[in-house]
Every structure is written in C-alpha cells, then in structure tokens.
There are 2 protein chains.
Amino acid sequence: MQVAPAREAQRLSAHAPTVIPIHAVTPGSVSRHGTPRCSACSMRSICMPPELSADELAKLDAVICTTRSVKRGDTLYRAGDMFQSIYAVRVGSFKTVLMHRDGREQVTGFQIAGEALGLDGVCGGNHNCDAIALEDSIVCIIPFAQLEAICREIKSMQHHIYQMMSSEIVRESSQMMLLGTMTAEQRVATFLLNLSRRFKARGFSPAEFHLRMTREEIGCYLGMKLETVSRMFSKFQRERLVHANGKTVHIVDPEGLAQV
Amino acid sequence: MQVAPAREAQRLSAHAPTVIPIHAVTPGSVSRHGTPRCSACSMRSICMPPELSADELAKLDAVICTTRSVKRGDTLYRAGDMFQSIYAVRVGSFKTVLMHRDGREQVTGFQIAGEALGLDGVCGGNHNCDAIALEDSIVCIIPFAQLEAICREIKSMQHHIYQMMSSEIVRESSQMMLLGTMTAEQRVATFLLNLSRRFKARGFSPAEFHLRMTREEIGCYLGMKLETVSRMFSKFQRERLVHANGKTVHIVDPEGLAQV
DNA sequence: CGCTCACTTGAGTTTTTTCAAGGACCGTGG
DNA sequence: CCACGGTCCTTGAAAAAACTCAAGTGAGCG
C-alpha cells in the first residue's frame with residue numbers, strides 16, 4: 001500500500017492540527033525543497049502571515065536557515081528532549097504520540113505539510129510527546145528564542161504565533177469533544193471528513209486520498225481499537241458512503257458521512 | 001451542598017488547566033478584591049512571571065485595570081462572542097463548555113483562581129466555547145491587544161504568555177490521553193488526583209475538598225455518564241480509597257487511587 | 001413543609017473490546 | 001521472477017464495559 005513517496009507526500013499534505021492561514025499549494029512546489037529561505041518558499045502563504053514586507057522576510061530568512069530530513073519511522077523529537085525549536089512540516093507527514101508511564105499511548109495529532117510541530121515544548125522547556133515521521137519527510141527548523149525576538153519586532157508575526165498556538169488549543173478541544181461524546185462510527189466519519197477538508201484546502205482532491213497512517217494509529221488517535229476502526233470502514237463501504245481499499249480512501253457521499 | 005461562597009472560593013481555587021507558576025495563596029487575600037492592580041495583587045505570583053521590575057509592573061497596572069463579577073451559572077463569554085480579552089480567575093471557578101451543532105456538549109476544562117480563561121479566542125477573533133461560573137466569581141480582564149503590546153516590550157511577559165498557551169496545549173493533550181485510553185475508573189481517579197494536586201499547590205488540603213461541579217459536569221468532562229461517575233465514587237468508597245459525601249471529597253489513599 | 005435538583009443504585013441493553021483466525025500486500029532475497 | 005516473512009487489515013464470536021431506563025433517597029431553598 002506504500003505508493004511512490006513523492007506523490008504521496010503531496011496527497012497527504014493537508015491536515016490542520018495547528019490552524020494556519022491555508023492556501024492551495026501548487027502541485028510540484030512542495031517537493032522543491034532545496035531553498036530553506038522563507039522569502040522564496042512556496043509554502044510561505046501557509047506558514048506565515050500574509051502581510052510581511054521584504055524587509056521583514058529578510059529577518060525571517062536570517063532565522064529559519066536550516067531544514068531537516070526525517071526518515072519514515074524516525075523521530076523528529078522525543079518526549080523529554082530539550083525544547084529549542086518549533087518545526088514546520090515542509091514535505092511529508094508526522095504523528096505526535098503521548099506516552100503514559102504504564103505504556104498506554106495516545107496519538108495526539110497528525111501533521112502534514114504546512115503545519116507546525118513542537119508548540120507543546122514551550123512550557124517547561126522540554127518536548128512533551130514524540131513526533132514520528134509517517135513517511136520520509138522534511139521540516140523547517142525555527143529556533144524559538146530567535147522567533148521570539150522577531151515577534152518583539154514584527155507585530156504581525158507576533159500575532160501569528162499567538163494564533164497558531166490558539167488554533168492548536170481549539171483543535172485539541174474539538175478532539176476532546178470527539179473522544180468524549182461521539183460513537184466509534186461518528187469518530188471515524190469525522191476523522192475522514194477532517195482529512196478531506198484539509199486536503200481540499202491545499203488544492204488536492206477532497207474525495208480521494210491515501211492514508212499514511214495504519215488502522216492502529218487511527219484507532220489510537222480516535223480512542224478505539226484497530227478492529228473497531230476496520231469495522232467502521234467496512235460499514236461505510238456497505239452503506240456506500242466511502243470506498244476504501246487499504247489505505248486508499250474514496251469518499252463517495254460526504255453529506256451522508258456528515259450525518260452519521 | 002453549597003457552602004458559604006467565600007470559604008468555598010478559596011477551597012476550590014487550585015485547578016491547573018493553563019499551567020501558570022504556582023504558589024500558595026494566603027487565605028484571606030483571595031477575597032480582598034478591591035484592588036485591580038497587579039502590583040498590589042496577592043495572586044501576582046500565580047498569574048505573572050516572577051522577575052518583573054517595578055517599572056514593568058506599572059505597565060501592567062495600566063492595562064489590567066478592571067475586574068468583573070460573574071454570578072453562579074452566568075457566562076463570562078459565549079462561543080461566537082468577539083474576542084478582545086483574556087481573563088484571570090481571581091475568585092471562584094468556571095467551566096468551559098464546547099457545544100456541537102447537534103446539542104452534544106463537552107466540558108473542556110475547569111478553571112479556578114489564578115488560572116487563565118479565553119486563550120482559545122485568539123485564533124479567529126471569536127471565542128470558541130462558553131465559560132460559565134460554577135459559583136459567584138471574579139475575574140481580571142486583560143485586553144489582549146494591549147497585552148500583546150506589553151509583550152513586545154517585556155521579554156519575560158512575552159515568554160510567559162507563550163508558556164501559558166503551551167501549557168494549555170499540554171493540558172489538553174493529557175486530557176485526550178485520558179479520554180482515549182483510560183477506563184471510567186481510571187478517569188475519575190485521575191480527575192480527583194489532579195484536583196488534589198492543584199489544591200495542594202495553592203496551599204489547601206490535598207486530601208479534603210469540595211467539588212463545585214455536579215456529577216453530570218464531571219461526567220461531561222471525563223467522557224462518561226453521570227451514573228457512571230457516581231458508581232466510581234461508590235466503588236472508591238467501598239475500596240476505602242476515597243470518602244465522598246455528595247460534593248465533599250476526602251481522599252483517603254492517594255497512592256491506591258493512583259494505581260487504579 | 002414541600003418541591004426541586006442532585007445523587008445513588010439496580011437491571012437489562014448496547015457498544016466496544018478481546019481473542020482468534022485467515023487473507024492481502026510489500027519488500028527482500030534466492 | 002517467484003517464494004517467503006512480516007506487517008497490516010478484515011471478520012466472527014464471546015466477553016467486558018458503559019449506557020439507558022427506572023426508582024428511590026437526601027439536601028437545600030423558597
């Protein structure tokens with residue numbers, strides 16, 4: 001079920017754990033990652049506030065000067081690691097996993113291109129969860145101390161960072177509602193529609209996409225067992241709401257799915 | 001079960017939805033709320049970074065110049081209200097409630113004295129949930145635009161606000177883990193221990209306290225029905241872990257509770 | 001003093017999990 | 001090119017957990 005990474009990276013690049021102003025990404029631009037400068041980055045409209053001057057962009061370029069590749073299955077950071085930077089996913093996708101002492105695991109989010117990682121590390125100075133690449137991925141490294149300095153100078157950047165963090169709070173609230181009040185069926189439907197919406201917002205098909213995560217990871221995110229996730233996929237298939245073949249998903253009837 | 005508000009307000013004043021540096025509050029100081037100036041506020045050590053100069057405090061005083069009383073059951077703000085300020089609970093306690101179109105409700109947090117409210121409003125410019133007082137309460141009003149201005153000047157304030165927001169992200173992650181992976185028994189145990197810890201951090205008894213929320217609100221926060229909450233309380237009572245009489249809770253065996 | 005609201009408890013039902021088995025797909029190496 | 005091993009996915013049947021419905025109790029308030 002693992003398809004060519006380059007194409008897949010693009011397909012999946014439209015989550016929204018930390019809400020950032022979202023624009024379509026022209027296909028092809030995502031994989032062009034030789035330029036670590038924000039001023040030349042095709043994803044700038046996704047990561048950054050829109051109203052930056054050339055002068056302000058230059059300041060950003062001076063700070064965000066490195067990227068990092070993370071192979072599928074490798075960690076970008078682990079819980080307990082010292083916090084120094086936040087990250088913007090440039091290519092690929094990640095999951096963040098919170099681990100309890102007794103071994104219980106909770107996937108707290110899936111992040112794709114244009115989305116932020118590591119905001120949980122600001123408090124306490126250590127990362128709070130593991131960030132693991134779901135496929136070969138590339139992130140921009142944004143040293144937080146320097147970002148703070150920029151935010152003291154550029155009002156719109158300051159506000160943007162506050163908005164990013166607030167968006168993450170809101171996203172997590174929604175996920176709490178999902179976990180606290182929805183049936184297994186509703187959770188899976190909501191999950192698929194959320195993915196769909198994010199893909200659409202990036203200019204990809206909202207109806208057909210590939211999942212980079214396993215049924216187990218989905219279950220771990222939605223608070224249910226992998227078998228239950230699988231049963232819900234089968235149920236939606238019987239009801240002609242979704243056509244799923246392994247990790248390939250085709251949403252046939254989005255309205256029907258929303259009414260589940 | 002509603003006891004004299006003044007005493008109760010103090011008892012409950014030790015949650016930690018948005019983690020803020022926590023110190024004991026000397027009894028009596030909380031209800032002395034005629035002074036809306038941070039420089040003279042007995043809770044400053046809870047709300048503010050410790051290393052502020054007199055000059056910096058003066059700037060804060062100029063901004064945080066109003067408080068607001070909210071009667072039990074009244075809303076501090078509602079979902080959809082325009083966002084202008086964040087709030088610090090000075091006296092009393094609140095719940096934040098997220099409502100789905102179909103009527104489903106999720107309590108996303110309980111906030112007590114010294115804790116922040118409204119950070120979810122930064123993104124989008126509107127509040128995202130309802131904040132409802134669990135008892136007669138008083139909040140400090142902190143206009144966010146002015147707070148941002150201060151943060152551009154005072155580095156430690158800037159970092160403090162980032163930490164507050166990050167703490168809220170971390171708190172919500174933990175709640176997702178609770179909702180996603182724990183049994184009803186574990187959820188209630190975790191809830192009680194969390195309350196206990198927060199009370200203790202404020203100088204109140206970690207072993208004995210009053211709940212300001214109903215079983216239904218607890219259930220709504222923990223993703224279960226009120227009957228299930230009640231059964232867990234009874235179970236803990238039978239097992240001599242907790243002695244509960246209505247809203248009065250006595251934690252008899254914290255270690256045992258932690259091992260549930 | 002009576003009413004209402006919150007809480008407790010029991011019995012039966014529903015949902016989800018657990019355990020188990022089998023099948024599909026992928027990458028590897030012969 | 002094909003066989004093989006591992007991982008992932010699907011499905012069924014039984015068990016466990018939580019919910020629903022229902023009844024009854026107790027405490028605070030007007």
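Just so you know, these numbers come straight off a predicted model, no measurement behind them.
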#### Entry: Crowding at CD, A:Glu227 (>12 non-hydrogen neighbours, <6.0 Å)
yes
### Query
Have A:Arg104 and B:Gln186 got a donor and an acceptor in their side chains that come within less than 3.5 Å?
yes
### Atom-pair distance (NZ on B:Lys235; P on C:dG10), nearest Å
14 Å
### Query
Rounding to a whole Å, what distance do you find between B:Ile218:CD1 and C:dA6:P?
13 Å
### Message
Counting only side-chain nitrogens and oxygens, does B:Lys247 get under 4.0 Å of the OP1 or OP2 atom of D:dA27?
### Response
no
### Difference in axis direction between the ends of the helix from C:dC1-D:dG30 to C:dG30-D:dC1, five pairs, 10°
40°
## Note on the structure
Taken to the nearest whole Å, CE/B:Met224 to C1'/D:dT20 is 16 Å
### Task
Round to a whole Å and report the spacing from CZ of B:Arg215 to P of D:dT25.
19 Å
### Candidate nucleotides D:dT10, C:dT17, D:dC19, ranked by approach to the side chain of A:Ser230 - the nearest
D:dT10
### Query
Can you check whether A:Tyr221 and A:Phe110 have ring centres sitting under 6.0 Å from each other?
yes
### Message
I'd like to know if B:Arg231 reaches the base of D:dT20 with its side chain such that a donor and an acceptor end up less than 3.5 angstrom apart.
### Response
yes
### Task
Describe the nucleic acid contact of A:Thr228 in one word from base, sugar-phosphate, nothing, applying a heavy-atom distance below 4.0 Å.
base
### Query
Any side-chain donor paired with an acceptor under 3.5 Å for A:Thr181 and B:Glu105?
no
### Query
Does B:Arg238 get its side chain close enough to the base of C:dT8, under 3.5 Å, for a donor-acceptor pair?
no
### Query
Do B:Glu227 side-chain and D:dC21 base share a donor-acceptor contact under 3.5 Å?
yes
### Message
Checking contacts here: which listed nucleotide (D:dC19, C:dT17, C:dC7) is nearest the side-chain heavy atoms of B:Lys225?
### Response
D:dC19
### Query
Which part of the nucleic acid, if any, lies within reach of A:Ser234 when heavy atoms closer than 4.0 Å are counted: base, sugar-phosphate only, or nothing?
sugar-phosphate
### Query
When the distance from CE of A:Met182 to C1' of D:dC19 is rounded to whole Å, what number comes out?
18 Å
### Nearest-Å distance for atom pair CG/P, residues A:Leu222 and C:dT15
18 Å
### Task
Any chance you could lay out the side-chain hydrogen bond (donor to acceptor under 3.5 Å, both in side chains) test for A:Glu172 and B:Ser173, step after step, and finish with the verdict?
CA-CA 7 Å; A:Glu172 290 193 347; B:Ser173 295; 3.1 Å; yes
### Task
Let me know the distance between CZ of A:Phe233 and C1' of C:dA24, rounded to the nearest Å.
17 Å
#### Entry: Ion pair B:Glu239/B:Lys235, N-O distance below 4.0 Å
yes
### Task
Anything under 30° is parallel, anything over 60° is perpendicular, the rest tilted; go ahead and classify B:Phe209 against B:Phe199.
tilted
### Query
Just how far, in rounded Å, is P of C:dA24 from CG of A:Asn245?
11 Å
